[in-house]
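Please read the structure below before turning to the comments.
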Amino acid sequence: MTKNLKKMIFSCAAILIGALCFGDEPLSEVPLSEGAASESLWTHSVGVVLSPAYHSMKVRDEGCKNVFVPRVSAVYYAEKQGGFCIDGTLSAGVALSKDVKLESEDQLASAFSLGASLGLGYAFHPTEKLTLSPLASVSLDWSHFKFTKEFSAKLSTGTATDDWTQTDDFLTFGIGAELISAYKCTERMSLFSACAVRFFDAGNQWRAGTNLGHDYDDSFEIRGNFSVVPSLGLSWIL
């Protein structure tokens with residue numbers, strides 16, 4: 001088991017243990033108003049947000065890769081009486097970068113990208129309509145770049161022409177902090193915004209391709225990963 005994989009497993013386990021420790025408070029410890037005993041201890045909401053993320057990765061033997069990742073995210077947020085809260089997101093979109101390329105081409109490359117995150121924290125209510133929630137969070141992000149280029153080479157038997165194809169996959173694990181803000185516009189609907197900052201040195205880049213009939217593949221360790229993920233959208237209380 002690699003050192004990075006051990007870090008990922010340890011961090012995920014710590015988050016899950018935290019959820020079990022803080023999420024299962026005895027009912028007697030939660031103050032209930034008169035007649036509230038029959039009501040749910042949790043408030044649940046779902047939302048849709050735009051999340052234009054920025055990622056900076058230090059890849060071994062490849063240098064720094066800067067990637068802009070605009071995504072649409074589905075958000076789930078739950079708050080327990082007493083303030084404990086959970087936040088989870090699933091995201092899909094595109095990754096754009098000039099640092100990920102085939103050979104020395106200087107053009108903007110695009111990729112399919114997926115992401116997921118989980119956060120645990122505590123909610124505050126400065127006003128009746130505003131909720132602020134600082135959380136500790138972890139994330140997992142994957143992007144798939146694909147390149148195709150017509151390539152010619154002079155051989156002893158003549159000139160050979162073929163398509164040069166290559167794929168680059170990036171998988172990164174992040175851990176950091178997030179601040180969520182929800183402002184009630186109506187009884188059920190809220191304006192939802194968030195900003196997450198995450199970093200960690202766990203990740204990998206995989207490369208595979210075919211050039212003039214020859215297959216090749218390689219992998220590169222990601223030794224530094226930093227991301228900033230702002231989000232803005234709407235949420236609805238279930």
Side-chain angles (χ1 to χ4, degrees), residues 7-27 29-32 40-56 69-91 93 115-141 172-203 224-238:
K7 290 180 179 179
M8 293 172 67
I9 294 174
F10 175 79
S11 299
C12 290
I15 290 291
L16 292 175
I17 291 172
L20 292 175
C21 292
F22 295 102
D24 291 330
E25 300 173 2
L27 299 186
E29 295 181 10
V30 180
L32 297 177
S40 173
L41 293 176
W42 288 89
T43 300
H44 306 270
S45 61
V46 294
V48 178
V49 300
L50 296 178
S51 304
Y54 167 76
H55 292 260
S56 179
V69 191
R71 290 174 176 160
V72 176
S73 303
V75 178
Y76 169 76
Y77 177 86
E79 180 185 334
K80 190 176 183 180
Q81 288 187 25
F84 174 76
C85 61
I86 301 174
D87 170 64
T89 65
L90 293 175
S91 308
S117 68
L118 174 65
L120 303 174
Y122 193 86
F124 300 88
H125 299 275
T127 68
E128 185 178 347
K129 291 187 175 182
L130 179 63
T131 300
L132 295 176
S133 306
L135 307 96
S137 65
V138 294
S139 64
L140 191 65
D141 295 279
T172 57
F173 173 77
I175 184 169
E178 182 176 10
L179 178 64
I180 292 176
S181 170
Y183 184 82
K184 269 192 175 184
C185 301
T186 67
E187 187 65 26
R188 290 284 182 180
M189 186 178 72
S190 297
L191 179 64
F192 185 97
S193 62
C195 186
V197 177
R198 302 187 184 99
F199 54 91
F200 214 59
D201 61 347
N225 173 41
F226 172 78
S227 65
V228 179
V229 188
S231 301
L232 180 64
L234 296 174
S235 64
W236 293 266
I237 297 175
L238 299 178

- [ ] List the steps and the verdict of side chain to side chain contact (heavy atoms under 4.5 Å, CB included) for Thr89 and Ser117.
- [x] CA-CA 5 Å; Thr89 65; Ser117 68; 2.5 Å; yes

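The structure places CD1 of Ile237 at 7.0 Å from CD of Glu187, a figure rounded to the nearest 0.5 Å. With rounding to the nearest 0.5 angstrom, the CG atom of Leu232 is 10.0 Å from the OG atom of Ser181. Interatomic distance, Ser235 OG to Lys184 NZ, rounded to the nearest 0.5 Å: 10.0 Å. Here Ser45 contributes atom OG and Tyr76 contributes atom OH; the two are 8.0 Å apart, rounded to the nearest 0.5 Å. In this structure, Leu130 CG and His125 NE2 are separated by 9.5 Å, a value rounded to the nearest 0.5 Å. Rounding to the nearest 0.5 Å places CG of Leu50 at 10.0 Å from CG of Leu234.
In this structure, Leu238 and Trp42 have side chains that are not in contact, with every pair of non-hydrogen atoms separated by 4.5 Å or more. Counting heavy atoms from C-beta on, the side chains of Phe226 and Val197 come closer than 4.5 Å. Looking at Pro126 and Leu132, their side chains come closer than 4.5 Å, going by heavy atoms from C-beta outward.
For the residue pair Cys85 and Ser133, the shortest heavy atom distance occurs at SG-CB, 4.0 Å. Smallest separation of non-hydrogen atoms from Ser91 and Ser73: OG-OG, 2.6 Å. Here the shortest heavy-atom pairing between Tyr122 and Gly82 reads OH-O, 2.6 Å. Scanning all heavy atoms of the two residues, the minimum distance from Ala53 to Val229 falls at CB-CG2, 3.8 Å. Between Ser139 and Arg198, the shortest heavy-atom distance links the atoms OG-CD, 3.2 Å. Residues Gly233 and Leu191 come closest through the heavy atom pair O-CD1, 3.5 Å.
A side-chain contact (heavy atoms from CB on, under 4.5 Å) with Phe192 is found for exactly one of Val48, Val75, Val46, namely Val75.
Other residues, nucleotides and ligands contribute more than 12 heavy atoms inside 6.0 Å of the OH atom of Tyr54.
One finds a salt bridge joining Asp141 and Arg71 here, because a Lys/Arg side-chain nitrogen approaches an Asp/Glu carboxylate oxygen to under 4.0 Å.
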